[in-house]
Amino acid sequence: MANVSLVNVEKTYSNGFRAVKRFNLEIRDGEFIIFVGPSGCGKSTTMRMIAGLEEISSGELWIDGQLANFLEPGQRGLSMVFQNYALYPYMSVYENMAFGLRVHGEKRTEIDRKVRETAKLLQIDHLLERRPSALSGGQKQRVAIGSVLVREPKLLLMDEPLSNLDAKLRGQMRVELAKIHKQFSSTIVYVTHDQVEAMTLADRIVVMKEGEIQQIASPNEIYNNPINQFVAGFIGSPSMNFLPVRCGVENGIFFLQAGESRLVLPPILAKRIKDQGGLGKELILGIRPEDLYRKDEEQERAGQSGILQMDGKKSGGELLMKVMVREGLGAEVLLHGEIEGENACVKLAPSCVTSPGETIALCPDMKKIKLFDAQTGDNLLYLNMTGSNG
Ligand code: ATP
């Protein structure tokens with residue numbers, strides 16, 4: 001286990017390109033940290049700087065209280081698992097797993113114990129005599145992870161370790177990784193494009209864009225309390241719906257106007273938007289597909305949950321969606337179409353009978369809506385729960 005701290009870390013490549021900017025992150029002992037962000041945002045560069053495979057242009061990297069900027073990769077007490085798991089094809093699984101320990105001069109009995117124990121944990125103990133060519137993709141990946149874990153690294157770096165696997169195997173390996181993390185309590189830094197991996201595995205997610213950290217928080221917080229429109233749009237599948245709106249007030253009632261549609265704001269939100277200077281401004285309304293309900297469902301829901309009231313008037317309202325595509329996914333139905341001319345998606349129960357061509361009235365859950373400044377993208381309803389980002 002290891003503590004890792006990055007202080008104002010920057011990377012400028014020799015061609016002058018600044019790939020990572022002012023990167024500050026404190027990784028706690030035993031934590032599972034995941035870097036996510038679009039292609040080219042600097043995830044791998046940051047990981048490679050931690051590993052010692054890429055020089056740090058400025059800033060400090062601390063590993064277990066030791067300044068690590070100039071330590072050789074081998075002196076950092078870490079191991080790395082890459083996308084293309086490197087196994088020696090002419091060695092058995094046992095030999096592949098034992099190799100790193102042999103190089104470090106461990107005793108044969110110790111090597112044997114560690115290899116067998118790790119193989120058992122990863123459920124590859126029945127494969128120890130096989131060559132890599134006789135293994136499935138998932139088994140190969142487990143051997144690659146085993147070869148690293150057997151060395152008991154205090155810090156494990158993983159760069160898209162599951163990206164070569166098919167969807168089913170990815171799902172299985174995700175569960176395996178979660179178990180491995182629990183059993184080995186290693187500190188893990190992990191890079192992925194896959195937000196499901198990030199949401200299910202991470203203790204904290206680091207969302208990056210163009211070399212800069214956007215938000216560092218738990219998966220739950222990133223999902224429910226995104227700091228800006230970029231994070232809100234990047235995390236969640238299908239993505240959050242965005243709709244340009246203007247916040248207005250009439251007879252003391254605050255509302256959001258989206259084209260022809262009007263949504264009455266509950267008093268708590270109205271106050272926060274006013275305090276944030278959002279009144280009269282161009283804003284972007286954000287609503288996740290699962291936070292929109294059919295009007296008839298909403299009436300039932302409101303009856304049960306005691307929806308927010310204002311001057312005896314119900315908050316909320318309806319948005320009309322022109323349905324274009326229906327995707328039946330078994331457990332749920334996704335309807336894709338347009339709301340006020342913007343692409344939109346809603347997730348409904350499988351009992352929904354709506355077909356393409358229909359127009360349906362949808363009610364947003366006003367407690368879950370987000371509002372972003374149309375210019376800066378900042379979330380006007382962001383709650384700073386930790387006092388700092390992360
Ligand atoms: P991906 O998800 O596609 O792997 P990433 O977020 O891991 O992307 P990096 O590989 O860290 O991104 O690259 C960050 C940026 O730095 C990219 O714009 C990339 O083109 C640039 N870059 C990477 N290596 C070099 C290099 N050696 N010289 C110049 N620019 C580089």
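All heavy atoms count here, side chains included; hydrogens, waters and symmetry mates do not. Atoms within each ligand, like the ligands themselves, are counted from 1 in listed order. Counting begins at 1 with the first residue of the sequence.
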- Is A19 in polar range of ligand 1, meaning some N or O pair under 3.5 Å apart? no
- Does E110 pair with R113 as a salt bridge, N-O distance under 4.0 Å? yes
- Item | Considering all heavy atoms, the nearest A19-Y13 contact | CB-CE1, 3.5 Å
- Specify whether Y88 and F99 have parallel, tilted or perpendicular ring planes, treating 30° as the upper limit for parallel and 60° as the lower limit for perpendicular. tilted
- Note on the structure: Ranked by distance from atom 8 (O) of ligand 1, the top protein heavy atom is G40 N, 2.8 Å
- Task: Just need the protein heavy atom nearest to atom 9 (P) of ligand 1, so name the residue and atom and give the distance.
- Result: T45 OG1, 3.5 Å
- Note on the structure: Tested for salt bridge (charged side-chain N to carboxylate O under 4.0 Å, His left out) against R204, the lone hit among E26, E31, E221 is E31
- Assess G37 for proximity to ligand 1: is some non-hydrogen atom of it under 4.0 Å away? no
- Note on the structure: Any heavy atom of H193 under 4.0 Å from ligand 1? The part involved is side chain
- Which residue and non-hydrogen atom of the protein lie closest to atom 2 (O) of ligand 1, and at what distance in Å? K43 NZ, 2.8 Å
- Query: Are any non-hydrogen protein atoms located under 4.0 Å from atom 20 (O) of ligand 1?
  - Reply: no
- Message: Test of understanding: clusters of I, L, V, M, F, W, Y form through side-chain heavy atoms closer than 4.5 Å, transitively. Do I50 and I56 belong to the same one?
- Response: yes
- Message: Does the plane of the ring in F372 sit parallel, tilted or perpendicular to the ring in F242? Use 30° and 60° as the thresholds.
- Response: perpendicular
- Atoms of ligand 1, numbered as shown, that sit under 4.0 Å from any heavy atom of S44: 4 (O), 5 (P), 7 (O), 10 (O), 11 (O)
- Do I284 and F234 sit in the same hydrophobic cluster, where Ile, Leu, Val, Met, Phe, Trp and Tyr count as joined when their side-chain heavy atoms come under 4.5 Å apart? no
- Ignoring angles and geometry beyond distance, decide whether E160 reaches within less than 3.5 Å of ligand 1 through its nitrogen or oxygen atoms. no
- Message: Taking 4.0 angstrom as the limit and counting only heavy atoms of G42, give me the atoms of ligand 1 inside it, by number and element.
- Response: 5 (P), 6 (O), 11 (O), 12 (O), 14 (C)
- Which residue owns the protein heavy atom closest to atom 3 (O) of ligand 1, what's the atom, and how far is it? S39 OG, 2.6 Å
- Message: Quick check against the 3.5 Å criterion: does N343 have a side-chain atom that pairs as donor or acceptor with the backbone of E338?
- Response: no
- Item | Pick from F17, F35, Y13: the one approaching atom 15 (C) of ligand 1 most closely through a non-hydrogen atom | F17
- Item | Under-4.0 Å salt bridge between E95 and R102 | no
- May I ask you to list the atoms of ligand 1 that are less than 4.0 angstrom from any heavy atom of N15? 29 (C)
- Message: Under 3.5 Å between any N/O of T46 and any N/O of ligand 1: does that happen in this structure?
- Response: no
